[in-house]
Amino acid sequence: MSLREDAAEIQAELAGLRRELHQIPEEGLHLPRTQERVLAALEPLPLEISIGTGLSSVTAVLRGGAPGPAVLLRGDMDALPITESSGVDYRSRHDGVMHACGHDLHTAGLVGTARLLAARRDDLAGDVVFMFQPGEEGYNGAGHMIDEGVLTAAGSPVEAAYGLHVLSSILDRGVFSSRPGPLMAGSAGLFVTVVGAGGHGSRPHVTLDPVPVACEMVTALQTMVTRRFDAFEPVVLTVGTFHAGTRRNVIPDEASFEATVRAFDPAVHAELGRHAVQLCEQIAAAHGLRAEVRYESEYPVTANDPDEHEFAASTVRELFGAERFVDMRHPMTGSEDFSRVLGRVPGAFVFLGACATDDPDTAPGNHSPRAVYDDSVLADGAAFLAELATRRLARPAPGPLPSTP
């Protein structure tokens with residue numbers, strides 16, 4: 001049987017695993033229930049398994065039947081601090097935590113890939129490293145796993161790395177998409193606390209009210225983006241939290257907000273950080289208040305190696321048909337810590353449409369509490385990653401350079 005046929009045979013089991021994981025979402029670097037379930041799913045397979053020391057990671061190595069290089073396949077496992085309102089009957093049983101980004105599909109799909117490749121281990125000319133990663137959602141889980149040796153888990157450095165990410169909107173169900181070069185933005189965080197002097201809401205003139213000053217900063221930051229940076233240099237700054245006060249008639253001592261920043265050029269990130277800190281500090285000073293401002297780099301740009309991208313795209317076309325791969329015209333301004341892996345190893349990151357409706361343009365997107373993912377794509381996702389690994393390991397090693405006369 002072909003990989004696609006074998007994957008179709010285990011589709012129902014993968015969907016069952018995915019729905020089980022969806023009901024027990026865990027956030028951050030420590031995912032004990034998720035790790036336990038992954039280990040149980042992998043236990044029957046001929047894998048060399050190790051778990052993380054500083055996080056609930058699982059690294060599994062499949063030894064091929066012949067010597068050769070190693071490739072890495074990654075699936076992230078963590079959820080988000082979101083209260084689910086999707087309406088599915090297998091919704092989260094953990095209040096305030098939800099698999100709103102599809103990582104439950106990534107985990108179940110990678111288990112499927114491990115099963116497919118384990119059944120063909122004698123035909124593999126090299127090793128496969130399966131990277132089950134916690135903490136993608138802002139916890140630098142990939143960085144922690146790299147520090148703990150995931151890239152050398154097979155005994156030698158992996159030669160290529162691949163990841164797959166489902167989308168609940170944007171793409172039609174079952175369609176793969178990616179692009180060479182920059183695929184997703186680098187991210188940074190802006191953290192601002194405006195320090196004033198509170199008092200009674202009826203006498204603001206004897207206080208130093210931080211609330212309107214912080215509001216002025218939020219507006220000024222949006223203006224700064226449009227006036228400091230070229231319109232052809234993508235920059236996104238979004239204030240996601242704003243906190244101040246306890247009652248409507250009390251002026252608080254402090255107001256604080258946090259923003260996420262996305263860009264595709266490290267120099268732009270650095271420049272934006274300088275401008276943002278200066279702007280907030282000077283707005284506060286103009287009103288006689290003080291601002292405590294931090295600008296922290298988070299994830300670098302996720303960039304596909306051009307050759308590996310074309311290899312992944314051609315694999316989709318040959319495995320599923322040309323109509324199943326769509327070239328992305330522009331990169332996405334979301335961020336990914338798989339960028340840590342691709343910064344060290346050539347590889348590719350690919351999106352897969354898992355929209356549960358026939359209109360991805362109006363479907364709730366990733367990170368929405370209403371996001372619903374169609375897990376019928378699991379078999380194809382698992383087959384795709386398995387085919388990538390098989391073909392990459394079968395690629396002839398580069399020969400010696402010709403000698404010059």
Side-chain angles (χ1 to χ4, degrees), residues 27-29 78-83 96-98 100-101 134-144 184-198 208-229 234-246 250-266 268-287 289-302 332-337 339-340 365-369 371:
E27 182 191 1
L29 295 172
D78 57 320
L80 284 156
I82 292 174
T83 298
V97 188
M98 176 192 177
C101 201
E136 189 280 325
E137 297 288 357
Y139 294 86
N140 191 31
H144 289 292
M184 301 181 74
S187 65
L190 177 66
F191 306 87
V192 181
T193 299
V194 182
V195 182
L208 294 174
D209 190 348
V211 176
V213 177
C215 291
E216 184 177 332
M217 291 176 186
V218 171
T219 302
L221 285 166
Q222 304 301 324
T223 303
M224 178 199 72
V225 167
T226 66
R227 293 298 177 268
R228 289 281 192 174
F229 297 95
V235 176
V236 174
L237 188 154
T238 296
V239 175
T241 71
F242 192 106
H243 300 286
T246 56
V250 177
I251 293 174
D253 282 337
E254 296 182 352
S256 62
F257 63 89
E258 298 179 4
T260 187
V261 180
R262 310 299 170 103
F264 294 92
D265 185 336
V268 169
H269 267 295
E271 184 181 358
L272 196 150
R274 289 193 299 272
H275 290 319
V277 171
Q278 182 184 59
L279 180 68
C280 293
E281 289 178 343
Q282 292 186 353
I283 288 176
H287 292 277
L289 285 76
R290 177 170 58 87
E292 299 172 353
V293 189
R294 299 190 337 267
Y295 187 82
E296 297 181 358
S297 295
E298 295 170 340
Y299 294 160
V301 174
T302 303
M332 289 187 175
T333 49
S335 298
E336 244 292 341
D337 74 350
S339 57
R340 304 276 189 208
N366 291 34
H367 289 215
S368 167

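Residue indices begin at 1 and follow the sequence shown. Please read these numbers as outputs of a predicted model, since none were measured by experiment.
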Evaluate the criterion salt bridge (charged side-chain N to carboxylate O under 4.0 Å, His left out) for residue pair Arg290 and Glu292; output intermediate values, then yes/no.
CA-CA 7 Å; Arg290 177 170 58 87; Glu292 299 172 353; 2.8 Å; yes
Nearest 0.5 Å please: distance from the CZ atom of Arg340 over to the OG1 atom of Thr302.
10.0 Å
Excluding sequence neighbours, so at least two apart, what forms side chain to side chain donor-acceptor pair (under 3.5 Å) with His367?
Glu137
Atom pairs and distances, side-chain donor-acceptor, residues 215-226, under 3.5 Å, sequence neighbours left out:
from   : atom 1 : to     : atom 2 : distance (Å)
Glu216 : OE1    : His287 : NE2    : 2.9
Thr219 : OG1    : Cys215 : O      : 3.4
Gln222 : NE2    : Leu237 : O      : 3.2
Thr223 : OG1    : Thr219 : O      : 3.4
Thr226 : OG1    : Thr223 : O      : 2.9

Sequence neighbours excluded, which residues qualify as side chain to side chain contact (heavy atoms under 4.5 Å, CB included) partners of Tyr139?
Glu27, Leu29
Taking all heavy atoms of Val211 and all of Ala244, pick out the closest pair and write down the distance.
CG2-CB, 3.8 Å
Heavy-atom closest pair (Pro300 atom, Ser339 atom, distance to 0.1 Å) is O-OG, 3.2 Å
Got a sec, which residues hit side chain to side chain contact (heavy atoms under 4.5 Å, CB included) with Asp253, two or more places apart in sequence or on another chain?
none
Minimum heavy-atom distance Asn140-Asp337, with the two atoms named:
C-OD2, 3.6 Å
Could you pull out the closest heavy-atom pair between Glu254 and Val195, with the gap in Å?
OE2-CG2, 4.2 Å
Any donor-acceptor pair under 3.5 Å linking the side chain of Tyr299 with the backbone of Ala185?
no
Leu80 vs Met98 side-chain heavy atoms within contact, under 4.5 Å:
no
Salt bridge (charged side-chain N to carboxylate O under 4.0 Å, His left out) with Glu336: which residues, sequence neighbours excluded?
Arg74
Non-neighbouring partners of Asn366 that pass side chain to side chain donor-acceptor pair (under 3.5 Å), sequence neighbours left out
Ser168, Tyr373
Any heavy-atom pair between the side chains of Pro252 and Pro210 that's under 4.5 Å?
yes
Name the residue from Val192, Thr193, Val194 that meets the side-chain contact (heavy atoms from CB on, under 4.5 Å) definition with Val293.
Val192
For Ser187, side chain to side chain donor-acceptor pair (under 3.5 Å) partners two or more places apart
Glu298
Test side chain to side chain contact (heavy atoms under 4.5 Å, CB included) applied to Pro212 - qualifying residues, sequence neighbours left out:
Asp209
Drop me the distance from Phe257's CZ to Phe191's CZ, to the nearest 0.5 angstrom.
11.5 Å
For Arg274, give me all partners under salt bridge (charged side-chain N to carboxylate O under 4.0 Å, His left out), at least two apart in sequence or on another chain.
none
The salt bridge (charged side-chain N to carboxylate O under 4.0 Å, His left out) partners of Arg228 (sequence neighbours excluded) come to none
Got Pro369 and Ile82 here, is their nearest side-chain heavy-atom distance under 4.5 Å?
yes
Does anything in residues 275-286 pair up under side chain to side chain donor-acceptor pair (under 3.5 Å), and if so which pairs, sequence neighbours excluded?
Glu271-His275
Residues that Ser335 engages under side chain to side chain donor-acceptor pair (under 3.5 Å), provided they are two or more places apart:
Arg262
